[in-house]
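Protein chains get the first letters and strands the later ones, always in sequence-line order, with residue 1 at the start of each.
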2 protein chains.
Amino acid sequence: MLKDKAIKPTESELEILSVLWDLKKASVRMVHEKLSEHKDSGYTTTLKLMQIMHEKKLVTRDDSSKTHIYEPAVSKENTQNQFLHRMIDNLFSGSSTELVLQALGHQNTTQEELLKIEALIKTLKSKQ
Amino acid sequence: MLKDKAIKPTESELEILSVLWDLKKASVRMVHEKLSEHKDSGYTTTLKLMQIMHEKKLVTRDDSSKTHIYEPAVSKENTQNQFLHRMIDNLFSGSSTELVLQALGHQNTTQEELLKIEALIKTLKSKQ
DNA sequence: AGCATAATACGATTTTATTCGTACGCAATT
DNA sequence: AATTGCGTACGAATAAAATCGTATTATGCT
């Protein structure tokens, strides 16, 4: 299995990535609009952040026309795993099970979702 | 249920808290020693951080003798939940199930642990 | 008492992240 | 061709986190 590259987006960068994962590709304005729903920082702030992310290769961009179009350069899954790992190491004594138990215990999870998880567990059990 | 207070330890503070959760109580030196296994920053850095954490009430301390003894003032569980929440919101579209599936899918989990999780799921299902 | 050791206090610096103002360019409209 | 609107570039200010050096104090030993 390929080792994930250690990418470390900051909080703000994560917010932007989330939007991009959702929209697949977007201009700064589109991203900024979306962010403005929760957050209130200026347009140039979002712009600057996205420029920095471009330098860091967290996103790619097409600047062939005036309005640049950005795309995520790191996958949602990889990034999720990165953070999961870090969290498990820092906070859950290295045990992913501890994290799962905690997450299930404290968030409320619908019947349907519990079934989905059960199904996955069944698969995992048979694989061993 | 009581709402958890919104505590936001930084990365470094988390590392220190982890040690304290483990040891229950400890002097700066003990904490620093432990941290030094993974990290290399000076003693006074750890000291300063712990002093700041004291101001922020992340830890309590007994300074009745020369060597101050620190204890965590926030519980591991609360802190875990805080971070879980933030992570679920930021990265998992608000779905704790998505996080659980990801965690189970990519970390490897022993048979025994799978059983533990199954058991919890059974409990949760019956509670609804 | 004098000295060495180990601790705290705390200001200052450095580093990283976030935010914004302003300059400037391009293209459509008047 | 002037004006306006929308875009990027980029330096600079601000804020937050981490690091460290130096001063000072307490304690135990000779």
**Student:** When you check every protein heavy atom under 4.0 Å of nucleotides 10-20 of chain C, what one-letter string (B, S, -) results, 5' to 3'?
**Tutor:** BB-----SSBB
**Student:** State whether a side-chain donor-acceptor pair under 3.5 Å links B/T79 with B/K8.
**Tutor:**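 Note: B/T79 and B/K8 side chains miss the donor-acceptor criterion.
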**Student:** Any side-chain heavy atom of A/K25 within less than 4.5 Å of one from A/L20?
**Tutor:**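 Not touching, per the 4.5 Å side-chain cut-off.
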**Student:** Is any side-chain heavy atom of B/I16 closer than 4.5 Å to one of B/Y70?
**Tutor:**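 They are not in side-chain contact.
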**Student:** Where each residue is assigned the nucleotide of DNA chain D containing its nearest heavy atom, which of B/K66 and A/T67 is assigned the position nearer the 5′ end?
**Tutor:** A/T67
**Student:** Which nucleotide of DNA chain D is the first, and which the last, in the 5' to 3' direction, to come under 4.0 Å of a heavy atom belonging to chain A?
**Tutor:**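 The footprint of chain A covers D/dC6 to D/dG11.
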**Student:** Check this for me: B/E112, atom CD, are more than 12 non-hydrogen atoms of other residues, nucleotides or ligands nearer than 6.0 Å?
**Tutor:** no
**Student:** Using heavy atoms to find the nearest nucleotide of DNA chain D for B/S65 and A/H68 separately, return the residue whose nucleotide is more 5′.
**Tutor:**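 Its nearest nucleotide lies further toward 5', so the answer is A/H68.
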**Student:** Measuring from B/Q102:CD to A/L120:CG, what's the distance to the nearest 0.5 Å?
**Tutor:**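 Reported to 0.5 Å precision, the distance equals 10.5 Å.
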**Student:** Drop me the distance from A/M50's CE to A/E13's CD, to the nearest 0.5 angstrom.
**Tutor:** 11.0 Å
**Student:** Look at B/R61 and C/dA9 and indicate whether a side-chain polar atom (N or O) is within less than 4.0 Å of OP1 or OP2.
**Tutor:** yes
**Student:** What's the separation between atom NE2 in B/H38 and atom CG in A/D89, rounded to the nearest 0.5 Å?
**Tutor:**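 Interatomic distance, B/H38 NE2 to A/D89 CG, rounded to 0.5 Å: 9.5 Å.
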**Student:** Which residue is it: A/H68, A/M53, A/E71? I am looking for the one with a side-chain contact (heavy atoms from CB on, under 4.5 Å) to A/R61.
**Tutor:**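 That would be A/H68.
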